[in-house]
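Input: a single structure, listed below in structure tokens.
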There are 4 protein chains.
Amino acid sequence: MSSSPPPRGRPRDPRSHEAIISATAALVVEVGYAATSIGAVAARAGVGKDTVYRRWSGKAELVFEAVFTTTDDAPIPDTGTLTGDLAVLLESLVDEFRTPAGTAALPGLLADFAADPALKARIRTHFLAPSKDRLVVIFDRAAQRGEIAADTPVNLVLDTLAGAVFFHIALVGESPTPQLAGQLAAMISRGIQIR
Amino acid sequence: MSSSPPPRGRPRDPRSHEAIISATAALVVEVGYAATSIGAVAARAGVGKDTVYRRWSGKAELVFEAVFTTTDDAPIPDTGTLTGDLAVLLESLVDEFRTPAGTAALPGLLADFAADPALKARIRTHFLAPSKDRLVVIFDRAAQRGEIAADTPVNLVLDTLAGAVFFHIALVGESPTPQLAGQLAAMISRGIQIR
Amino acid sequence: MSSSPPPRGRPRDPRSHEAIISATAALVVEVGYAATSIGAVAARAGVGKDTVYRRWSGKAELVFEAVFTTTDDAPIPDTGTLTGDLAVLLESLVDEFRTPAGTAALPGLLADFAADPALKARIRTHFLAPSKDRLVVIFDRAAQRGEIAADTPVNLVLDTLAGAVFFHIALVGESPTPQLAGQLAAMISRGIQIR
Amino acid sequence: MSSSPPPRGRPRDPRSHEAIISATAALVVEVGYAATSIGAVAARAGVGKDTVYRRWSGKAELVFEAVFTTTDDAPIPDTGTLTGDLAVLLESLVDEFRTPAGTAALPGLLADFAADPALKARIRTHFLAPSKDRLVVIFDRAAQRGEIAADTPVNLVLDTLAGAVFFHIALVGESPTPQLAGQLAAMISRGIQIR
DNA sequence: TCATAATCGAGACGGTACGTCCGGTCTTTCA
DNA sequence: TGAAAGACCGGACGTACCGTCTCGATTATGA
């Protein structure tokens, strides 16, 4: 039952935190991920560079928090069929990736994460974790209904879904069709269903 | 009827071209994509920077040519079943992405391509084109066998396959299981088969 | 008849004062004047930065007090001749400048003092004052003996003596010869003696 | 008879050199030595920082060249007496130190030189060398006239003269009296004359 | 006894400069 | 004309200090 150590010194100003996050999100949209520099973020937030580096290790972590912190309080989909549940899940994934900030940030972000082993480990635990949690529940229900096997590989499916959306959005770009989520959901659900 | 323009002045030295490509491939493996700079490539190749810029527009194009120019002269798989054909296709895709150079280069490369509209257009036409050509043939044969519908969306499947492999290799990484290609092939082929 | 204002609040801890002075002197010797920072001094003294700034206006004043606070309780030399008196005076001046801390601090200290008009005024009143007081007495006695004129310019001679020692120690450096004080004393005393 | 190696690559642009020197001299006068930064110099000269660092190791070397490169083509004084010669020599020394740039730069410059062993060695060879050459000739003539001994210590006298002027200008400042050079010359020459 | 007030260690704050590295271009000489 | 060499301007990097500020805690005085 170790309580957090008593805070010493001047506490960090939450307004700085928020100003940095807003400035980052705005810059990523305006100039893109590559051209977004810590210095420019700090200047725009009216903040010293140290104040940024004190909270984030670098551009990747900062942009990740600025762009991909969805509270994700939406209920886990429960439409009664695996296809329907996957479609809802994919819809939200597509929506997140389609955001101006999301589209601008994702490719560079993944590249920076992949290049740094320390950050790489966080992709599963932070970036994909919310989706995985939901997917596990969806799979459980589908297994109970007898739609899929109990040992259906969640990670493989998750990589496939995320990878498909990423390739489609980031690399083909330009407003994915509204049917994308449905098509993908249909294909994948059929691919893992029993029979 | 296009006659080649009359060459004037000193012709380009083909050894420079090869030296640059080798130096690039080596550097990408050794220091990663982000830390690979045109200047370092030129120095390592014993070449002036202009000689690099004269042939490639920038790092992305150079690395792409250095890392992903598989002659791809392997015959198009024809195992008799869609699952088998896809498995062979995916095997070669995994092999390409699993290369040290491939793993090191791919995320950064996609990011740079995605950030530049001019380059972005080439992803489909250059990066995915060979795979697409093969996939089209595979689909044709499967459609003739009655396995899949004639209007199965090739691009969607291709994005899904490539995206799944990319996410698995580049972001989760650490030596994909040998079963990966087979698992994916089974899932996707079932997903698009009739019935 | 200014009575000191009644002290309110927590009194300053004299141990902090001393710890800061010692830390400063040690740091100046170890890393030099330029690399001595207020932050490093405070950390080494186990003290907050404000505790330093509350007592000294900046690095120059702090280092000056830490390095050049000779109590100077030695008796004013009275050897019977101007040359002898000057030699003794110069000896102590050389000794002060030759200290590890003195050598390390002096050039940077003079630069910082010279750059700030407020500090500049203190060079004469604080830095050179003790020597000047002694020189005045020495000159008085020499004038009474008839060795020099009564209006011999004290400041000019003092600047010359201090400047000569400073240039020799700080800029040419490397352990001044033991004869330095004597040679200088002889030259200058002859230079101002009558006839 | 080693000839200089044949120059390769683009030669350095002499206009950059001159622009940097002018910008440096102007900045030193306007904001002082301490507040003169390489970045500000480069910006003012319309030049990249690398272009500055390519030619000078740092601020000290740059400011030294910008401020103290007197062509010194004035003839060596020959007034017929040691006192007169010294007065002329000192006059030029005072003039050099009294320059706005000189006054602003000298204390900080000496501090930076003194702090760096590599630069320290250049003080005698570059900073004081011209004056020393002239002083040697002056002393030779004076010795031939029988005014001074042949082994009069040139370096000691030179340090004394330079130190006296430096202390007077840099630390007391504010326009030294026109008599300064004459007074000093008289004092020192009497101090080293025979008898 | 309690309010007032100054000091203490700690550390966050907005700024500024550091010296290095790249990018992409330009200007030499030599082939 | 191509090529190697390398200088050019601009700008980002991540670190260090500056001098100020804001905490909670401590230690004195005066009501």
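- By the side chain to side chain contact (heavy atoms under 4.5 Å, CB included) test, B:Val28 is found to be paired with B:Thr24, B:Thr36, B:Val63, B:Ala104, B:Ala105, residues two or more places apart in sequence or in another chain being considered.
- With sequence neighbours left out, A:Phe68 forms a ring-ring contact (aromatic ring centres under 6.0 Å, His included) with A:Phe127.
- The CZ atom of D:Arg15 sits 11 Å away from the C1' atom of F:dC8 (whole-angstrom rounding).
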Extract all donor-acceptor atom pairs below 3.5 Å that involve side chains of residues 39-53 of chain B and protein atoms in other chains or at least two apart in sequence.
from    : atom 1 : to      : atom 2 : distance (Å)
B:Arg44 : NH1    : B:Glu30 : OE1    : 3.0
B:Arg44 : NH2    : B:Glu30 : OE2    : 2.8

Next on the checklist: D:Phe64 vs D:Leu119, test: side-chain contact (heavy atoms from CB on, under 4.5 Å). Steps then yes/no.
Outcome noted: CA-CA 11 Å; D:Phe64 174 63; D:Leu119 293 175; over 6 Å; no
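- When the side chain to side chain contact (heavy atoms under 4.5 Å, CB included) test is applied to A:Arg10, no partner is found at least two apart in sequence or on another chain.
- Atom pair B:Tyr33:OH and E:dG23:C1' shows a separation of 13 Å (rounding to whole Å applied).
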Anything under 3.5 Å between a protein N or O and an N or O of nucleotides 10-14 of chain F, put it in a table, one pair a line.
from   : atom 1 : to      : atom 2 : distance (Å)
F:dC13 : OP1    : A:Ile38 : N      : 3.3
F:dC13 : OP2    : A:Ile38 : N      : 3.3
F:dC13 : OP2    : A:Gly39 : N      : 3.3
F:dG14 : OP2    : A:Tyr53 : OH     : 2.6
F:dG14 : O5'    : A:Tyr53 : OH     : 3.4
F:dG14 : N7     : A:Lys49 : NZ     : 2.9
F:dG14 : O6     : A:Lys49 : NZ     : 2.7

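- Residues D:Ala35 and D:Val31 approach most closely at CB-O, 3.4 Å, considering heavy atoms.
- Proximity of residues 104-115 of chain A to DNA chain F (heavy atom under 4.0 angstrom from any strand atom) is not detected for any residue.
- The side chain to side chain donor-acceptor pair (under 3.5 Å) search around A:Arg122 returns A:Glu61, not counting sequence neighbours.
- Remark: B:Ala111 pairs with A:Pro107, A:Ala111 by the side chain to side chain contact (heavy atoms under 4.5 Å, CB included) rule, at least two apart or across chains.
- Applying the side chain to side chain donor-acceptor pair (under 3.5 Å) criterion to D:Asp112, with sequence neighbours excluded, gives D:Tyr33.
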Distances under 3.5 Å between nitrogen or oxygen atoms of protein and nucleotides 24-29 of chain F:
from   : atom 1 : to      : atom 2 : distance (Å)
F:dT26 : O2     : C:Arg10 : NH1    : 3.1

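- Taking atom CG on D:Asp116 and atom P on E:dG19, their separation rounds to 12 Å, with Å as the unit.
- The CG atom of B:Leu62 sits 11 Å away from the P atom of E:dG23 (whole-angstrom rounding).
- One finds a side-chain N or O of A:Ser16 lying less than 4.0 angstrom from the OP1 or OP2 phosphate oxygen of E:dG14.
- Phosphate contact (OP1/OP2 of F:dA4, side-chain N/O of B:Thr51, threshold under 4.0 Å): present.
- Side-chain N/O atoms of C:His17 and C:Glu65 include a donor and acceptor closer than 3.5 Å.
- A heavy atom lying under 4.0 Å from DNA chain E marks none of the residues of residues 17-32 of chain D.
- Shown here for B:Lys59 and B:Ala34, the closest heavy-atom pair between the two residues is NZ-O, 3.3 Å.
- Residue D:Asp116 comes nearest to D:Ala118 through the heavy atom pair OD1-N, 2.8 Å, listed as atom of the first residue, atom of the second, then distance.
- For the pair A:Arg54 and F:dA16, the criterion of a side-chain N or O lying under 4.0 Å from OP1 or OP2 is not met.
- Under the side chain to side chain contact (heavy atoms under 4.5 Å, CB included) criterion, C:Arg15 pairs with C:Asp13, sequence neighbours left out.
- In this structure, D:Arg12 places its CZ atom 12 Å from P of F:dC9, rounding to the nearest Å.
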